[in-house]
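Beneath this line is the structure, given in structure tokens, with notes to follow.
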There are 2 protein chains.
Amino acid sequence: MTSPEGYDKYAFEPFAVTVDLAVLTLRAGTLQVLLVERGEEPYAGRWALPGGFVLPDESAEEAAWRELAEETGVTDASGLHLEQLRTYSEPGRDPRMRVVTVAFAALLPDPPVPHGGGDAAQAQWLRFDAVGPLAFDHDRILADAHERVGAKLEYTCLATAFCPPEFTLGELQQVYETVWGTPLDRPNFRRKVLATPGFVEQVPGAARLTGGRGKPAALYRAGGATALHPPLLRPTTEGRPR
Amino acid sequence: MTSPEGYDKYAFEPFAVTVDLAVLTLRAGTLQVLLVERGEEPYAGRWALPGGFVLPDESAEEAAWRELAEETGVTDASGLHLEQLRTYSEPGRDPRMRVVTVAFAALLPDPPVPHGGGDAAQAQWLRFDAVGPLAFDHDRILADAHERVGAKLEYTCLATAFCPPEFTLGELQQVYETVWGTPLDRPNFRRKVLATPGFVEQVPGAARLTGGRGKPAALYRAGGATALHPPLLRPTTEGRPR
DNA sequence: CGCATTTATAGTCGGCATGACTATTAGTCA
DNA sequence: TGACTAATAGTCATGCCGACTATAAATGCG
């Protein structure tokens with residue numbers, strides 16, 4: 001029996017509320033996820049998404065930022081992207097007790113040191129496509145995060161969240177190609193990005209020379225825009241699912 | 001202090017977990033919301049989104065379906081759309097205690113009777129654009145639901161969830177116009193919808209005559225498709241926000 | 001009965017975004 | 001110096017989309 005108004009202290013079951021983080025980055029041209037190895041049952045020895053309890057005086061968002069800082073060691077939040085994914089609440093998802101988790105997806109530019117403090121459970125970057133079965137329902141959460149990020153690349157400027165402050169258009173294109181798993185035509189990608197006002201702005205007179213072969217590329221910064229109109233759709237493999 | 005693994009029974013604060021529903025429908029050409037009037041403090045006399053506690057043995061989704069049935073009186077879930085919006089967890093959002101709510105957006109075709117059982121707190125349909133300040137953070141939840149639905153109309157076939165099993169293209173267009181608050185060009189809308197395979201399929205030899213003036217319109221059913229490619233974008237009021 | 005009104009449906013036309021492709025430039029490496 | 005590599009420039013045809021005109025099929029009023 002639920003009472004729509006006027007809470008009775010004994011009318012509800014208390015739940016544990018946690019946050020779980022799907023932290024993604026691009027390393028060496030591959031999509032990678034930050035994972036921790038579980039030391040105890042259940043799922044001992046399995047990889048799991050980093051996460052933890054929401055404390056009494058913080059929101060889920062605050063808990064997520066805190067956990068993100070703890071696990072990655074990043075100190076300043078600037079340039080990071082963190083967004084709520086959805087909440088997972090199936091009664092049996094944790095065999096020990098009733099745990100409701102608010103999942104987040106986070107995007108980091110490059111590897112910001114594989115780990116943070118002197119914690120026992122080391123967080124590690126693993127290749128996204130090589131993660132075995134994860135603990136709990138974390139496979140599902142991770143898949144949802146990947147799907148969400150891929151979709152948001154289409155109609156937002158989110159891709160720059162994977163890039164360092166200054167980047168080349170080739171690097172930006174790699175973000176799309178790596179997340180979507182599809183090669184893109186370089187001139188067309190370039191044309192589209194530059195034609196979208198506020199997506200990127202060129203750094204005057206700078207070029208990346210970093211040991212690369214070929215013509216040095218111009219450097220760009222993220223512009224002020226957040227949305228892409230019209231969107232940059234994935235190559236249509238016919239009527240796409242979802 | 002949070003322990004990433006091995007839960008300590010006293011390491012976390014228990015939360016109350018609820019669901020809140022933003023139930024939308026189209027009545028008389030306007031967007032309407034299902035609301036309940038609060039009888040007790042806090043926010044006594046104010047309108048609030050229907051909702052309730054998540055029970056010990058159910059997921060948030062199951063709780064949302066249960067509440068939806070309780071408040072609207074609908075018996076069969078077919079044709080209804082219910083999707084998780086996001087979770088609201090700010091510590092102060094309920095002055096009485098720590099309540100984390102998982103918000104859902106639901107879409108109904110037409111009015112399925114304003115109410116259900118013989119409950120005291122009657123749920124009522126109110127015009128979306130005429131809702132005053134709601135209780136708690138429900139204004140924010142409702143705004144988020146509206147934004148989400150508007151966005152999903154662009155790239156999914158969600159609009160049919162507002163329509164009865166058989167509908168005319170004019171009615172479908174009204175869904176878009178009402179949710180977006182923008183008039184659309186009728187021939188162009190028609191062309192786009194019919195050109196999208198699986199969006200709608202014509203009911204053979206049926207036409208709606210219902211007291212209307214003008215040429216009777218052909219009837220359509222929702223097709224099998226769920227996604228729209230390419231999307232049906234809102235009229236671009238210049239670089240649109242979010 | 002006829003004509004204005006209303007709504008659905010059909011079709012046209014130009015612009016622009018996009019996919020596919022070619023060409024040129026500017027570097028590195030052997 | 002010359003292959004190789006990658007960035008950038010430009011071309012061209014297709015197709016989608018916004019704006020618009022035209023026709024068809026019903027109602028209702030005089």
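Only a predicted model underlies this, so the values are computations on that prediction, with no experimental measurement involved. Per chain, numbering begins at 1; letters A, B, ... match sequence-line order.
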note = Rounded to whole Å, CG of B:Leu228 lies from P of D:dC16 at a distance of 13 Å
query = D:dA6 P sits how many Å from A:Leu169 CG, rounded?
reply = 16 Å
query = Can you name the residues that form a salt bridge (charged side-chain N to carboxylate O under 4.0 Å, His left out) with B:Glu166, not counting sequence neighbours?
reply = B:Arg221
query = How long is the line joining CZ of B:Phe189 and C1' of D:dC20, in whole Å?
reply = 19 Å
task = Specify the separation, in whole Å, of atom CG of B:Leu172 and atom C1' of C:dA8.
result = 15 Å
ask   = Considering only C:dC29, C:dA26, D:dT8, which nucleotide approaches the side chain of A:Pro216 most closely?
value = C:dA26
key: Spacing between B:Arg190 atom CZ and D:dA19 atom C1', to the nearest angstrom   = 18 Å
note = Protein heavy-atom contacts under 4.0 Å, written 5' to 3' over nucleotides 15-25 of chain C as B (base), S (sugar-phosphate only) or - (none), form the string ---BBBB---B
key: Euclidean distance, atom CZ of residue A:Phe167 to atom P of D:dA7 [Å, nearest integer]   = 14 Å
inquiry  = Checking A:Tyr176 now: which residues fulfil ring pair (Phe, Tyr, Trp, His ring centres under 6.0 Å) with it, not counting sequence neighbours?
reply    = A:Trp180, A:Phe189
query = Can you name the residues that form a salt bridge (charged side-chain N to carboxylate O under 4.0 Å, His left out) with A:Arg140, not counting sequence neighbours?
reply = A:Asp144
ask   = Any Lys/Arg nitrogen of A:Glu154 or A:Arg234 sitting under 4.0 Å from an Asp/Glu carboxylate oxygen of the other?
value = yes
query = B:Arg186 CZ to D:dC17 C1': how many Å, rounded?
reply = 18 Å
request  = Output all residues satisfying salt bridge (charged side-chain N to carboxylate O under 4.0 Å, His left out) with B:Asp129, sequence neighbours left out; order by chain, then residue number.
outcome  = B:Arg127
query = Under the side chain to side chain donor-acceptor pair (under 3.5 Å) test, which residues partner B:His81, sequence neighbours left out?
reply = B:Glu83
request  = Have a look at B:Ala218 and say if it touches a base, only the backbone sugar-phosphate, or nothing, with a 4.0 Å heavy-atom cut-off.
outcome  = sugar-phosphate
request  = Rounded off to whole Å, could you give me the NE2-to-P distance for the B:His229 and D:dC16 pair?
outcome  = 14 Å
